[in-house]
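One is the number of the first residue; the rest follow in order along the sequence.
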Amino acid sequence: SLSDGGPADSVEAAKNASNTEKLTDQVMQNPQVLAALQERLDNVSHTPSSYIETLPKAVKRRINALKQLQVRCAHIEAKFYEEVHDLERKYAALYQPLFDKGDMKNKVVIAEKEAAAVEELNPKGIPEFWFTIFRNVDMLSELVQEYDEPILKHLQDIKVKFSDPGQPMSFVLEFHFEPNDYFTNPVLTKTYKMKSEPDKADPFSFEGPEIVDCDGCTIDWKKGKNVTVKTIKKKQKHKGRGTVRTITKQVPNESFFNFFSPLKASGDGESLDEDSEFTLASDFEIGHFFRERIVPRAVLYFTGEAIEDDDNFEEGEEGEEEELEGDEEGEDEDDADVNPKKEPIQPAECKQQ
């Protein structure tokens, strides 16, 4: 009987398995078979994983091998971005002398003394340079309250500093202020910590360096000048005597300067709620925008040219799509007006006005 088979039967079974695998490899090299598999993939209504489950073991092994190669690619890509960060640091040092010359807009000294009336007509530097940028850029102006504006008029410069070689990847935004009536800090800082490595649990999601956390700084507000809090009056009733008293207390207040007291990313394994996740993501987006766009092209955001470039790019994309839609047969003009337009290629954080 089959159940009484000896060693010879085991050898024969192994040969049959090997022959079956070879036959499978040969079949999978047949163009007609591959075409049939592709047709099945095109017609399948289930998820990709369901389709993969129907494939022969030999094909699954090849898919797994490709996935392992993909993981290795992700780790190599992470190293690439680390070297890119080193290059950014190197070229930041080359840009700095130019930025230092540009900084003279706030430090220009008139060689010849002129009459006071003449000096009023010829102000030093570029008045309200950074404050104007804040007003021009929607992403920033939305953060600024009316009572923030007098403080931002004292902002002299914003600089980006990269982490030192051998240190964890990060960058620091430095906001330099002239002496003012609001706080004593000459510089307010915001540090953004970055990571350039694939997630062990999901290495295929790696798309380059990402901001993972940020730290602000303590603002040394002068008495009565802290715009990040407001004082409210609240009535309290004594439970026993029934008497009522009025107390004052400080509560958080909306202000751009809350930017320097950021929400911390959860590091204890606990997930943040949806609102906190959104707040943190917005913070990261603003930090990235300062670093990649605002600081390197500050004068163009001051004049509005950088904003116009963004607007023109978006209009060009939409205009091209409208023209293509008009070429389609049977296109109704009324329908064309209400059809949703294609989303511009430009990232959301780069849209202005």
Side-chain angles (χ1 to χ4, degrees), residues 21 24 28 37-38 40-42 44-89 139 160-173 189-216 259-293 343 345-351:
E21 185 171 336
T24 301
M28 291 307 300
L37 287 173
Q38 183 61 47
R40 185 195 297 182
L41 176 61
D42 294 338
V44 72
S45 59
H46 299 88
T47 62
S49 59
S50 299
Y51 166 72
I52 290 173
E53 289 300 319
T54 68
L55 296 175
K57 291 183 179 180
V59 178
K60 291 180 181 178
R61 284 198 299 271
R62 293 170 193 161
I63 294 173
N64 287 332
L66 287 175
K67 290 175 70 175
Q68 292 303 316
L69 291 176
Q70 191 67 46
V71 172
R72 292 171 63 182
C73 286
H75 284 280
I76 293 174
E77 186 180 6
K79 294 297 181 183
F80 163 77
Y81 284 114
E82 287 180 3
E83 294 196 22
V84 168
H85 189 71
D86 290 337
L87 281 174
E88 285 183 307
R89 184 188 302 111
M139 182 181 291
V160 179
K161 295 293 180 68
F162 295 97
S163 53
D164 294 329
Q167 296 298 313
M169 188 182 294
S170 66
F171 66 92
V172 180
L173 298 177
T189 61
K190 182 77 169 285
T191 302
Y192 286 90
K193 302 175 183 179
M194 305 178 68
K195 181 184 73 171
S196 181
E197 61 183 40
D199 190 329
K200 293 180 180 179
D202 186 15
F204 305 119
S205 65
F206 181 73
E207 295 181 348
E210 60 177 334
I211 298 173
V212 293
D213 204 358
C214 56
D215 290 324
F259 181 72
F260 300 97
S261 301
L263 182 70
K264 295 290 293 179
S266 179
D268 54 8
E270 295 183 4
S271 59
L272 298 173
D273 59 51
E274 187 174 346
D275 289 343
S276 297
E277 287 280 6
F278 177 80
T279 300
L280 201 60
S282 299
D283 193 329
F284 292 172
E285 184 180 14
I286 293 168
H288 179 78
F289 193 67
F290 268 118
R291 167 189 164 173
E292 294 292 328
R293 302 295 296 272
E343 189 67 17
I345 296 174
Q346 188 166 358
E349 66 267 22
C350 300
K351 296 177 184 175

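Distance check: Ile211 CD1 to Phe171 CZ gives 4.0 Å after rounding to the nearest 0.5 Å. Here the OG atom belonging to Ser282 is positioned 11.0 Å from the CD atom belonging to Glu277, to the nearest 0.5 angstrom.
For the pair Phe162/Arg291, a side-chain contact is recorded, criterion being any heavy-atom separation below 4.5 Å from C-beta on. Considering only heavy atoms from C-beta on, Leu173 comes within 4.5 Å of Val160 through its side chain. Counting heavy atoms from C-beta on, the side chains of Asp283 and Phe259 come closer than 4.5 Å. Looking at Asp215 and Lys193, their side chains come closer than 4.5 Å, going by heavy atoms from C-beta outward.
Between Lys264 and Cys214, the shortest heavy-atom distance links the atoms NZ-O, 3.3 Å. Between Leu263 and Leu280, the shortest heavy-atom contact is O-CD1, 3.1 Å.
Asp213 places a side-chain N or O within 3.5 Å of a backbone atom of Ala265 that can act as its donor or acceptor partner.
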